[in-house]
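Worksheet: the structure to be examined is printed underneath.
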Amino acid sequence: MTATEMQELFLIEYDRVTNFDAPGYTDKEISEILSAAQEQLVFHTYSPLGNKHHEGLEETELTTADLQELVSEDDLTASISQTGVLTNGEFYDLPSDHWLTLLELVTVSSDDCFDGNIVKVKPITHDEYSINKDNPFKKPEVNEVTWRLTNSGERFELITDGDYTISKYTMRYLAKPTPIITAGGITVDGVDGPQDCILKDTTHRRIVLYAVRIAAGITDPEMYQIKTIEQQSGN
């Protein structure tokens, strides 16, 4: 569907849910609601906790296909500024379009037999770092795992055990979807319209139904609760 067709379907479904007894929305408001609904769908597809079957992004062909336009892969580079880095840590700049992380791997550089090994990256909190940084049984290991802290929305911090360095940091991630904008002269999140949904056609009707639930919640909180329960149950 085009953005215009999604808007038309939204208006039909919204009127059906509200029995024609709710205030209307402008083109800009509908564009913002459709864009927010698109983000909800991505989150629910990305996380196995976001859908009733508890299926994550790559657990079914359908969910994988739904978001394949958003999947990117990049080798991250170390930040120019390392001010404030923790012991044995290094900041890495995130891709400008990074939104949700799918996979992280590092290639190890060391003076022993582990040189060139590819190991997984384990996201941890700052509290976990503080508790375990001096625990020899919990610290990062050259043959097993590198720690990763979220330093800001623009960079991550990788922590090693100090006996090895990182020669390559590869990340596969989801880019943030472009807003759905129904008409020209409208701007959403810095993007000018019109702008069709870039996701697969198979997602469009679900995005519209998410949007109807959002709109119903704005005009009628009780209706929002009902629609949210329906959404979580997969109806």
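All of these numbers come straight from a predicted model, not from anything done at the bench. Because only heavy atoms are used, hydrogens play no part in the values below, and waters and symmetry mates are left out as well, while side chains stay in.
Note on Met6 and Val191: separate hydrophobic clusters, where clusters join Ile, Leu, Val, Met, Phe, Trp and Tyr whose side-chain heavy atoms are under 4.5 Å apart, directly or indirectly. The cluster map of Ile, Leu, Val, Met, Phe, Trp and Tyr, joined by side-chain heavy atoms under 4.5 Å apart, puts Ile186 and Tyr25 in different clusters. In the hydrophobic cluster analysis, where Ile, Leu, Val, Met, Phe, Trp and Tyr join through side-chain heavy atoms closer than 4.5 angstrom, Leu11 is grouped apart from Ile181. When hydrophobic clusters are built by joining Ile, Leu, Val, Met, Phe, Trp and Tyr residues whose side-chain heavy atoms come closer than 4.5 Å, directly or via intermediates, Tyr210 is grouped together with Leu34. In terms of hydrophobic clustering, with Ile, Leu, Val, Met, Phe, Trp and Tyr side chains grouped at heavy-atom distances under 4.5 Å, Ile180 and Ile214 are assigned to a common cluster.
The shortest heavy-atom contact between Gln195 and Ala3 is O-CB, 3.5 Å. Across all their heavy atoms, Gln38 and Pro179 have their closest contact at NE2-CA, 4.2 Å. Considering all non-hydrogen atoms of both residues, Pro177 and Glu39 come closest at CG-CG, 4.5 Å. Closest heavy-atom contact between Gln82 and Ser79: NE2-O, 3.0 Å. Minimum interatomic distance between Ala216 and Tyr14 (heavy atoms only, all atoms of both residues): N-CE1, 4.1 Å. Of all heavy-atom pairs spanning Leu149 and His126, the tightest one is CD2-N, 3.8 Å.
Listed by first and then second residue, the ring pair (Phe, Tyr, Trp, His ring centres under 6.0 Å) pairs that reach into residues 173-206 are His98-Tyr173, sequence neighbours excluded.
Every residue two or more places apart in sequence or in another chain was checked for a side chain to side chain contact (heavy atoms under 4.5 Å, CB included) with Ile12, and none qualifies. The side chain to side chain contact (heavy atoms under 4.5 Å, CB included) search around Thr87 returns Tyr129, not counting sequence neighbours. For Glu32, the side chain to side chain contact (heavy atoms under 4.5 Å, CB included) partners at least two apart in sequence or on another chain are Lys28, Val188.
With values rounded to the nearest 0.5 angstrom, Asp201 atom CG is found 7.5 Å from Met1 atom CE. In this structure, CG on Asp75 lies 4.0 Å from OG1 on Thr170, to the nearest 0.5 angstrom. With rounding to the nearest 0.5 angstrom, the CG atom of Leu100 is 10.0 Å from the NZ atom of Lys176. Atom CZ of residue Phe91 and atom OG1 of residue Thr77 lie 14.0 Å apart, to the nearest 0.5 angstrom. Atom-to-atom distance recorded for Phe10:CZ and Leu209:CG is 11.0 Å, nearest 0.5 angstrom. For the atom pair CD of Glu90 and CD1 of Ile166, the computed distance is 6.5 Å after rounding to the nearest 0.5 Å.
Taking 4.5 Å as the limit, every side-chain heavy atom of Leu103 sits out of range of all side-chain heavy atoms of Met171. Counting heavy atoms from C-beta on, the side chains of Leu9 and Glu13 come closer than 4.5 Å. A 4.5 Å side-chain heavy-atom check between Leu102 and Val71 finds at least one atom pair inside the cut-off.
With hydrogens and angles left out, the side-chain atoms of Thr4 and Thr182 include no donor and acceptor closer than 3.5 Å. Side chains of Thr2 and Asp196: no donor on one and acceptor on the other come within 3.5 Å.
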Which donor-acceptor pairs under 3.5 Å do side chains of residues 154-162 form with protein atoms, sequence neighbours excluded?
unit_1, atom_1, unit_2, atom_2, d
Arg155, NE, Asn151, OD1, 2.8
Arg155, NH1, Ser81, O, 3.4
Arg155, NH2, Asn151, OD1, 3.3
Glu157, OE2, Leu86, N, 2.7
Thr160, OG1, Gly162, N, 3.1
Thr160, OG1, Tyr164, O, 3.3
Asp161, OD1, Asp163, N, 2.8

Donor-acceptor contacts under 3.5 Å from residues 104-111 side chains, at least two apart:
unit_1, atom_1, unit_2, atom_2, d
Glu104, OE1, Arg148, NE, 3.0
Glu104, OE1, Tyr169, OH, 2.5
Glu104, OE2, Arg148, NE, 3.4
Glu104, OE2, Arg148, NH2, 2.7
Ser110, OG, Asp112, OD1, 2.6
Ser110, OG, Asp115, N, 3.3

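At a threshold of 4.0 Å, the pair Asp66-Arg206 counts as salt-bridged, since one of the basic side-chain nitrogens sits closer than that to a carboxylate oxygen. Glu128 has no carboxylate O lying under 4.0 Å from a charged side-chain N of Lys138, or vice versa, which leaves the two without a salt bridge.
Thr26 contributes a side-chain N or O that, together with a main-chain N or O of Glu29, makes up a donor-acceptor pair within less than 3.5 Å.
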Test log, rule side chain to side chain contact (heavy atoms under 4.5 Å, CB included), inputs Ile124 and Lys122: CA-CA 6 Å; Ile124 65 170; Lys122 179 183 179 181; 4.1 Å; yes

Residue pair Val42, Trp99: steps toward the side chain to side chain contact (heavy atoms under 4.5 Å, CB included) verdict: CA-CA 11 Å; Val42 173; Trp99 197 37; 3.4 Å; yes

From CA spacing to verdict: side chain to side chain contact (heavy atoms under 4.5 Å, CB included), Thr150, Thr125: CA-CA 8 Å; Thr150 300; Thr125 66; over 6 Å; no

